[in-house]
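Report on the following structure.
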Amino acid sequence: MAIKKLLFASLLICSMIQSSHGATKERLFTDLEKGSLEITATPSRTGEGVVLAAGIDKLSITWKVSSTATKEPEFKTIKVKLCYAPVSQVDRPWRKTHNELFKDKSCPHKISSFSYDPTVKTAQSFDYTLERDIPTGTYYVRAYAVDAIDHEVAFGQSTNEAKTTNLFSVQAISGRHKSLDIASVCFSVFSVVALVVFFVNEKRKAKIEQSR
Amino acid sequence: MRHFQRYIYATKNYSENLKELRAKRLEKNKTHVLSQEERVFFSRLLGTIMAHHNEDEGSVGTSMHGVTAREQVFSFSVQGEDDGPSSHTVRFDDPTAKFALPVDSEHRATAFKPFSFAKPHMRAFHLGWISFFTCFISTFAAAPLVPIIRDNLDLTKSDIGNAGVASVSGAIFSRLAMGAVCDLLGARYGTAFLLMLSAPTVFSMSFVSDAGGYLSVRFMIGFCLATFVSCQYWTSVMFNGKIIGLVNGCAGGWGDMGGGVTQLLMPMVFHVIKLAGATPFTAWRIAFFIPGFLQVIMGILVLTLGQDLPDGNLSTLQKRGEVSKDKFTKVFWYAVLNYRTYVLFLLYGFSMGIEMTINNVISEYFFDRFQLELHTAGMIAASFGMANFFARPLGGYASDISARFFGMRGRLWTLWILQTSGGIFCVWLGRATSLPIAILSMMLFSVGVQAACGAIFGIVPFVSRRSLGLISGLTGAGGNFGSGLTQLIFFSSSKFHTADGLSLMGIMGMIFTLLVAFIHFPQWGSMFFGPTSDEKKSKEEHYYAAEWTEEEKRQGLHEGSLKFAENSRSERGRKAASDGSSPSTPPENGNPAHV
């Protein structure tokens, strides 16, 4: 009986928590100011069908605040992220684009984050080496301008709105190592041989005992 | 049954002596009055029967000593009777064998002491369930690491889903074959073969570089889930029928826990390896070495510490001609002809099957839907599988309790209630949008579905006596089939969100659980109908003896089934007690020598 009451109480509490959570999290992507930041990402190797290698190739990222930006005084931090192009989101619901910012999974990889200096008005650039945990896929770069309370207010991306231009492909590292392969083979062989040795040994002992 | 055995023992050995004594008496004294020696013999015989009719030896008033007033004062010495609590048995062969647990006439333990590691019974129990536990860890080791693996190998949702299906499909076939393998090689080698031959497949995760490789390796690892059969086989050989329900429930439940522990273990190992400096895409491959090592170590332990049968190892005993075998074709035939086999196959598919599916998908589900860290998602997923520790034995126990009052009907209703509530909570889990509710519904779901697994194996022993081993294996295979099917339908395509997939799976489970109503025993009835009114068919003996041909009955091969039938009268529920028939003792099940 006590357990039933406890369960019921926790049920009530949980449902209340659920309803209260919904109120604060509805900042939408569509509310952000488009094109406030002009950003370009140039891969270290370009050309038709070039696939960048994770861990080796670089991106050269140049950005500046657009003249059309209205929310510029609110900018405190700039967060630059690597985002999946639509072709890499097919049949992969864990990379889906959502309008609610907290749910959006299309830009999971952080490139860089730095504070915004309003006095510098010219374009700034930096280099970024593709991390070794970037998966294989097609990407573009997006920068969010974040205000003092860590809410995104504006953004800019290196591709167009339909996400079809200026995309680049990355090939992930395989994660395999020769030493790992060798260790794997050694242990496998040990396992099989140990079994065979035990088996043969025991058969032999049984035969000896029987012949006695 | 004990005094029956002693009587046989006594008369078998002494009938020759009696004939001699009688001949001597007639020759010498030419009288029908019993001689002194004969009187001594008979008093001993009666003393034996009556003294051992009660549980405690030599209770006051049962001994026949002193009846003739002429015999010597010695008790009928059953070998080793004075040796203490371990010798409740008549030992036909080895007077020097001593067991740490009380045993019956087949040297199967009659008590269950989970904290003991005594040879050979408790040791076999622990080796068996830990081997099964290790295989569960290996089979579901990939599941909590899928968020990393899917990035490394560029997997799509279909790839992940298909690999999940493959991981449980291999065991459908290996579980079916395992019963025969254990018959041939013994439970020890059956377990060790599985462990040590599938360890290379676990290690070969380090070679995987695409979706196809991932799927093949998960398929091959999945074969080792047949340790379920070898574990249950081993405990059935080592433990008496009165406690086998509890022992098998514990072994099965604690082994199934592996599916939960792996959700904790693998992310932890992965995290530690990453801290040691490896990149994520290498770290997960190294992490797979841990389940591989565990398998090899367990294999060696099983071979060195384990023993096939209470009296020794199979190869030794077979050469002495002590282990008999039934014909496989007959056993197979009677399993296949019994429609209840298929019903149980499907039912287990939607209890154990759903459990295994959840092991594969739940960690990724929590990771994605609630934006958790990998190890947090793993912890939550782990608590699903860990509930097995008490949930499955609880289900078996609930089944036994309901049988005490309502007989087989109680068992069927218990199963239906547990499995349906599991389905309801699964639907709720899919609907839950906040983390606390999702966890709550998941926990209730886990208890329901895992207890249903235990309840099913409370019914399996009664479906057939002759084909018990094969039917257990078939039911187990049904679990894997259900898991493959549900993963294929609900979690392999982008048609459903995972959340919807969970709810639909719950609904499908509830629909299939309605099949319980179709399990009908002529001697005990079913959920809605009573036992058949036909005088002959409503006897337990008729049902179990029907599995033997007339020829075999003439040879007396069906004796075991008849004994089982007598013991199974407890499945009539309270009516059995009022009939004055044998007291409600859970019957003997699982003599795998008959498989």
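Side-chain atoms are counted along with the backbone in the values below, which use heavy atoms only and exclude waters and symmetry mates. Chain naming here is simple, since letters A, B, ... match the order of the sequence lines and numbering starts at 1 in each.
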Distance-minimising heavy-atom pair for [X] and [Y]:
X        : Y        : result
A:Ser184 : B:Phe203 : OG-O, 3.0 Å
B:Thr279 : A:Arg132 : CG2-NH2, 3.0 Å
B:Lys157 : A:Pro93  : CD-CG, 3.6 Å
A:Gly175 : B:Thr282 : O-OG1, 3.2 Å
B:Leu155 : A:Arg92  : O-NE, 3.2 Å

For [X], I'd like to know if atom [atom1] has over 12 heavy atoms of other residues, nucleotides or ligands within 6.0 Å.
X        : atom1 : answer
B:Glu373 : CD    : no
A:His109 : NE2   : yes
A:Tyr128 : OH    : yes

Using a 3.5 Å distance criterion without hydrogens, assess whether the side chain of A:Arg176 forms a donor-acceptor pair with backbone atoms of B:Val208.
no
Any donor-acceptor pair under 3.5 Å linking the side chain of B:Asn152 with the backbone of A:Pro135?
no
Does any part of the side chain of [Y], heavy atoms only, come nearer than 4.5 Å to the side chain of [X], both counted from C-beta?
X        : Y        : value
A:Trp94  : B:Ile160 : yes
B:Tyr189 : A:Glu202 : yes
B:Phe207 : A:Val185 : yes

If I measure from the heavy atoms of chain B, does [X] come under 4.5 Å with its side chain, its backbone, both, or neither?
X        : value
A:Ala54  : neither
A:Lys205 : neither
A:Lys96  : side chain

With a 6.0 Å cut-off on ring centres, are B:Phe293 and A:Phe187 close enough?
yes
Between [options], which residue shows the highest count of heavy-atom pairs closer than 4.5 Å to chain A?
options                                : value
B:Asp210, B:Thr498, B:Thr156           : B:Thr156
B:Ala278, B:Ser158, B:Ala199, B:Pro147 : B:Ser158
B:Gln371, B:Arg150, B:Arg285           : B:Arg150

Could you measure the distance from the [atom1] atom of [X] to the [atom2] atom of [Y]? Nearest 0.5 Å is fine.
X        : Y        : atom1 : atom2 : answer
B:Met196 : A:Phe199 : CE    : CZ    : 13.0 Å
B:Leu303 : A:Leu195 : CG    : CG    : 6.5 Å
A:Ser188 : B:Leu197 : OG    : CG    : 11.0 Å

Would you mind telling me which of A:Asp133, A:Val90, A:Asp181 has the largest number of heavy-atom pairs within less than 4.5 Å of chain B?
A:Asp181
Top residue by heavy-atom pair count (under 4.5 Å) with chain B, among A:Ala172, A:Ser88, A:Ser174, A:Gly137?
A:Ser174
Below 4.5 Å from any heavy atom of chain A, which atoms of B:Gln295 appear? Answer side chain, backbone, both or neither.
neither
CA sep, side-chain torsions, deciding dist, call: B:Asp151, A:Arg95, salt bridge (Lys or Arg N to Asp or Glu O under 4.0 Å)
CA-CA 11 Å; B:Asp151 280 344; A:Arg95 294 180 183 172; 3.3 Å; yes
